[in-house]
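Right, one structure below, let's go through it.
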Amino acid sequence: MKRLLLSLILIAGFASLYSQVKVSVLGDSYSTFEGWIPEGNEPWYGAEIGNDVKDVKDTWWYQLIEDNRLALELNNSWSGATICNTGYNGEDYTHRSFLTRAGSLGENPDLIFVFGGTNDAWAGSPLGEWGGTDMYTVRPASLAMFKKLKENYPDALIVAIVNTELSKDVEDIIIQACETEAIPYVKLEAIDKQSGHPSIHGMKQISKQVWKTTAPLLYQHLRSH
């Protein structure tokens, strides 16, 4: 009985602690939903066909926030966005890149999810060199993005999400950039997809995998701030 009471007290304490947490998302099409992203950003979900995700409640981020009693600060996601400033067909994607949007995630989020790299891989964006300064290439832009996030939101817990089926180069770049900048990351596994994007089942898988890693990190983060 004592153990049960202690468990209930701890659960209540966690719920109270998490209820104050404001979440922002920096993402691409995987995290969009029409009407839930800044005006001018292009959605994929809610606007496209060929996928069974038709309700915002089925998205990974909505489920994670709702299931854990968090609050949405801002979802700055943009379909087709690359981390670096080079997009499809070598076009200039500076206006929508993760690097550009890394300073536009609300006033004071407590938790930031960064879910990108998919379009850099699909578009074949140039990789660049570590230590380089060309933000039209993935390596320098990835490091600069994480640095910008840390500078703009020094009190936030930043968690990167690494997609499945990325090119080996882009996956390695994201992970190395995270390790260099001390950013924790979640490497997704076996996500169900339709038309290259998470299905309803895939969204549930993402939410569960991301929260499994994030929950203990967030608890420690909140306790230390």
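Heavy atoms only: backbone and side chains are in, while hydrogens, waters and symmetry mates are out. Keep in mind it's a predicted model, so treat the numbers as computed, not measured.
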Checklist entry - Considering all heavy atoms of both residues, which atom of Glu73 and which atom of Asn108 are nearest to each other, and what is their separation? => result OE2-N, 3.7 Å
Next on the checklist: Under a 3.5 Å distance rule, please check whether Asn76 uses its side chain to pair with a backbone N or O of Leu105 as donor and acceptor.
Outcome noted: no
Item to check | Option from Val114, Leu111, Leu26 for which side chain to side chain contact (heavy atoms under 4.5 Å, CB included) with Ile158 holds | outcome: Val114
Next on the checklist: Using modelled atom types and a 3.5 Å cut-off, is there a donor and acceptor pairing between side-chain atoms of Ser207 and backbone atoms of Lys204?
Outcome noted: no
Next on the checklist: Test your reading of the model: is there a side-chain donor-acceptor pair from Glu66 to the backbone of Lys57, 3.5 Å cut-off?
Outcome noted: no
Item to check | Residue pairs, two or more places apart or on separate chains, that pass salt bridge (Lys or Arg N to Asp or Glu O under 4.0 Å) and touch residues 81-98 | outcome: Glu42-Arg96
Checklist outcome for this item: Between the OG1 atom in Thr118 and the CD atom in Glu165, the distance rounded to the nearest 0.5 Å is 9.5 Å
Next on the checklist: Please tell me whether Ile112 and Leu188 are part of a single hydrophobic cluster in this structure, the criterion being side-chain heavy atoms less than 4.5 Å apart.
Outcome noted: no
Checklist outcome for this item: What one should report as the nearest heavy-atom pair of Lys148 and Ala102 is CD-CB, 3.8 Å
Checklist entry - Do Trp60 and Phe113 make the cut of ring centroids closer than 6.0 angstrom? => result yes
Checklist entry - Looking at residues at least two apart in the chain, or sitting in another chain, which of them share a salt bridge (charged side-chain N to carboxylate O under 4.0 Å, His left out) with Lys208? => result none
Item to check | Expected output: side-chain Arg139 to main-chain Gly128 donor-acceptor under 3.5 Å | outcome: yes
Item to check | Audit row: Lys168, Asp172, salt bridge (Lys or Arg N to Asp or Glu O under 4.0 Å) steps and yes/no | outcome: CA-CA 6 Å; Lys168 182 74 163 57; Asp172 288 347; 2.7 Å; yes
Checklist entry - Within the distance-only criterion (no hydrogens, no angle test), does the side chain of Thr214 pair as donor or acceptor with the backbone N or O of Trp211 below 3.5 angstrom? => result no
Checklist entry - Would you say the side-chain atoms of His197 pair up with the backbone N or O of Ser195, donor to acceptor, closer than 3.5 Å? => result yes
Checklist entry - What class does the angle between the rings of Trp61 and Trp36 fall in, given that below 30° is parallel, 30 to 60° is tilted and above 60° is perpendicular? => result tilted
Next on the checklist: I need the Glu179 CD to Phe146 CZ distance, nearest 0.5 Å.
Outcome noted: 11.0 Å
Item to check | Side-chain donor/acceptor of Gln209 to backbone N/O of Val186, under 3.5 Å | outcome: no
Item to check | Test side-chain hydrogen bond (donor to acceptor under 3.5 Å, both in side chains) applied to Asp169 and Ser167, step by step | outcome: CA-CA 5 Å; Asp169 285 333; Ser167 66; 5.6 Å; no
Next on the checklist: Does Glu107 form a salt bridge (Lys or Arg N to Asp or Glu O under 4.0 Å) with Lys22? I'd like the steps, not just the answer.
Outcome noted: CA-CA 10 Å; Glu107 293 186 9; Lys22 295 177 293 183; over 6 Å; no
Checklist entry - Between Gly132 and Pro140, which heavy-atom pair has the shortest distance, and what is it? => result O-CB, 3.5 Å
Next on the checklist: Restricting to side chain to side chain contact (heavy atoms under 4.5 Å, CB included), what partner residues turn up for Ser97, sequence neighbours left out?
Outcome noted: Asn85, Leu99, Thr100
Item to check | Whether over 12 other heavy atoms sit under 6.0 Å from Lys187 NZ | outcome: no
Next on the checklist: Between Leu149 and Ile174, is there shared hydrophobic-cluster membership here, with clusters defined by ILVMFWY side-chain heavy atoms closer than 4.5 Å?
Outcome noted: yes
Checklist entry - Rounded to the nearest 0.5 Å, how far does CH2 of Trp130 lie from OG1 of Thr137? => result 9.5 Å
Next on the checklist: Rounded to the nearest 0.5 Å, what separates atom CG in Asn41 from atom CD in Glu34?
Outcome noted: 12.5 Å
Checklist entry - Is there a donor-acceptor contact under 3.5 Å from the side chain of Asp58 to the main chain of Met203? => result no
Checklist entry - To the nearest 0.5 Å, what is the distance between CD1 (Ile83) and CD1 (Ile173)? => result 8.5 Å
Next on the checklist: Restricting to non-hydrogen atoms, name the atom on Ile200 and the atom on Val53 that form the minimum distance, rounded to 0.1 Å.
Outcome noted: N-CG2, 3.5 Å
Checklist entry - Just checking, is any N or O donor in the side chain of Thr82 or Tyr88 under 3.5 Å from an acceptor N or O on the other one? => result no
Checklist outcome for this item: Nearest heavy-atom contact between Gly40 and Trp78 is O-CZ2, 3.6 Å
Checklist entry - What is the distance from atom CZ of Phe115 to atom CG of Asp28, rounded to the nearest 0.5 Å? => result 7.0 Å
Checklist entry - Quick one: does Asp52's side chain have a donor or acceptor within less than 3.5 Å of a partner on Ser199's backbone? => result no
Checklist entry - Is there a side-chain contact between Asn51 and Trp44 (heavy atoms, below 4.5 Å)? => result yes
Item to check | Heavy-atom pair of closest approach, residues Tyr153 and Ser104 | outcome: OH-N, 3.6 Å
Checklist entry - Transitively linked via ILVMFWY side-chain contacts under 4.5 Å: Tyr62 with Ile191? => result yes
Next on the checklist: For Thr86, is there any backbone N or O sitting under 3.5 Å from a side-chain donor or acceptor partner on Ser125?
Outcome noted: yes
